[in-house]
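Side chains included, hydrogens not; waters and symmetry mates left out as well; all remaining heavy atoms used.
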Amino acid sequence: MRDPRDLYAYESADVIAAVPRGRLTLVHALPGLVDAGNSCRIASTYLKDSLRHVRIVTFDVDELVDYRGSRPQAVFDGAVYTEVTVPEMSLYLMYDEGDRPFLYLDGPEPDLQWRRLSQAVIDLIEFFDVEKVVGMSAIPMAMPHTRPIAMITHANDPDLIPAHEPEQGGEIVVPASFGALLEHELGKAGHPAIGYAAQIPHYLTRTDFPAGALALLRRVSEGAGLDIPLVDLGDLTEAAGAALESTLTDNEEVLSMVAALEEQYDAQSTESDGVFSTTMDLPTGEELADRFERFLAGEEDDGTGGGSGRGPGSGPEVP
């Protein structure tokens, strides 16, 4: 393995010298292929818009991102490419509402060099004397948007998970994310790490769902002992929820699907064995998402969708 330290560069010496040492928390969200409802992206944008922060480390994304697989966006005005947006991965020093410092790792999930990057992050954790690492992710699940967002808590030490958290069941095999590898490698290196995965309604996976971001940041705020202002994100979530309900009002087919998911959710909540119970077959997440998109496209064709081109529940853009 090449030297992991070559993957990143510090900002100016004055900036690094000003970073507090000891008892720091590092929060990370590196959304990739699976970021249901764009929840982590919304949470990241909201944190940077809401909290005082300064960049302290920049990573070499040319080493980490496959641009052919995840192409950057270009703006073309008819004659000139006026902008090409290349993704960035950075480590920030942030301050919460109570002026408590913490570190935030922000950027896309890397396509390449996962082990080398995880070691680079561990080097930085040790350099800045980080006490705890907290991760965020969002996964699609068969959940209705009309019920509270369930959260899966995971950690590299079971003792880090509060006793009141529900058990998640037996062992399963799932596709790994970089966050999963990082948490595992942190455990081997003796650094405590905990993560929260929001379970997002699978029919909203491909659209903005601010409620997922709000649920994640609430849990991160509690788990990391941070004072993150969430009023504006709560307002955004309410507006998005109202827009979603308005979208669904005249669509009996979609309403029946949501009702079936509600029945399944409520049965799971009441059955001690956790077995789902439902009176009808449920469509897959892909089927539901496709039906939502066709329904919205029909609304826009009729001039009733506002021509926004944004999905249900997306609400206004994150400021």
Side-chain angles (χ1 to χ4, degrees), residues 26-51 53 55 58-59 61 64-67 69-73 75 83-92 94 102-111 117 134-141 143 145 149 151-152 175 177-180 182 195-221 226 228-230 232-237 239-241 243-244 285 289 292-293 308-319:
L26 184 147
V27 179
H28 67 87
L30 302 176
L33 179 63
V34 179
D35 179 24
N38 295 323
S39 300
C40 290
R41 292 178 177 87
I42 294 172
S44 294
T45 301
Y46 185 81
L47 283 176
K48 288 187 289 185
D49 285 345
S50 302
L51 299 178
H53 63 278
R55 191 196 316 264
T58 301
F59 291 85
V61 292
L64 301 171
V65 175
D66 174 12
Y67 294 132
S70 305
R71 291 185 182 271
Q73 291 187 330
V75 178
E83 183 180 359
V84 178
T85 304
V86 177
E88 296 181 348
M89 181 181 294
S90 302
L91 183 66
Y92 295 91
M94 286 190 169
F102 68 100
L103 302 182
Y104 185 64
L105 179 61
D106 179 46
E109 182 182 45
D111 298 307
L117 179 59
V134 181
M136 292 186 284
S137 61
I139 57 177
M141 295 290 284
M143 313 284 284
H145 70 277
I149 295 175
M151 198 76 61
I152 297 174
S177 64
F178 174 75
L182 177 61
Y196 304 105
Q199 301 182 45
I200 307 301
H202 57 351
Y203 52 93
L204 299 177
T205 295
R206 299 193 298 226
T207 189
D208 288 354
F209 190 58
L214 179 60
L216 282 171
L217 289 181
R218 277 178 177 159
R219 189 59 66 91
V220 167
S221 185
L226 298 172
I228 300 174
L230 297 175
D232 290 342
L233 186 55
D235 291 342
L236 176 65
T237 298
L244 177 59
F292 266 107
E293 289 178 358
S308 66
R310 305 180 68 228
S314 57
E317 294 287 351
V318 174

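- The side-chain hydrogen bond (donor to acceptor under 3.5 Å, both in side chains) check on Y104 picks up S44, with sequence neighbours excluded.
- The side chain to side chain contact (heavy atoms under 4.5 Å, CB included) check on P201 picks up H145, Y203, L204, F209, with sequence neighbours excluded.
- Closest approach of V61 to P87, counting heavy atoms only: CG2-O, 3.3 Å.
- Minimum interatomic distance between P72 and V84 (heavy atoms only, all atoms of both residues): CB-CG1, 4.4 Å.
- Residues satisfying the side chain to side chain contact (heavy atoms under 4.5 Å, CB included) test with S221, not counting sequence neighbours, are I228.
- Evaluation of the side chain to side chain contact (heavy atoms under 4.5 Å, CB included) rule for A215 yields I149, M151 as partners, not counting sequence neighbours.
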Inset, instruction - Test Y67 against D111 for side-chain contact (heavy atoms from CB on, under 4.5 Å), laying out the working first. - result: CA-CA 9 Å; Y67 294 132; D111 298 307; over 6 Å; no

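- Here CG of L236 is found 8.5 Å from CG of D208. Values are rounded to the nearest 0.5 Å.
- Between S39 and A213 the shortest heavy-atom distance is O-CB, 3.3 Å.
- Rounded to the nearest 0.5 Å, atoms CZ (F102) and CE (M94) are 5.5 Å apart.
- In terms of the salt bridge (charged side-chain N to carboxylate O under 4.0 Å, His left out) criterion, residue partners of E88 (sequence neighbours excluded) are, by chain and number, R55.
- You'll find the side chain of Y46 reaches within 4.5 Å of the side chain of D232, heavy atoms only.
- Residues satisfying the side-chain hydrogen bond (donor to acceptor under 3.5 Å, both in side chains) test with T58, not counting sequence neighbours, are E11.
- Pairs passing the salt bridge (charged side-chain N to carboxylate O under 4.0 Å, His left out) check and including a residue from residues 36-48, sequence neighbours excluded, read D35-R41, K48-D106.
- Put simply, CG on L26 and CG on L105 are 6.0 Å apart, with the number rounded to the nearest 0.5 Å.
- The distance from atom CG of L226 to atom CG of L47, rounded to the nearest 0.5 Å, is 9.5 Å.
- The side chain to side chain contact (heavy atoms under 4.5 Å, CB included) check on P229 picks up S50, L51, E97, with sequence neighbours excluded.
- Proximity of a side-chain donor or acceptor of E109 to a complementary backbone N or O of F178 within less than 3.5 Å is detected.
- Summarising the geometry, atom CD1 belonging to I200 is positioned 6.5 Å from atom CG belonging to L216; distances are rounded to the nearest 0.5 Å.
- Closest of all the heavy-atom pairs between A138 and C40 is N-SG, 4.1 Å.
- Between L233 atom CG and I42 atom CD1 the span is 8.0 Å, to the nearest 0.5 Å.
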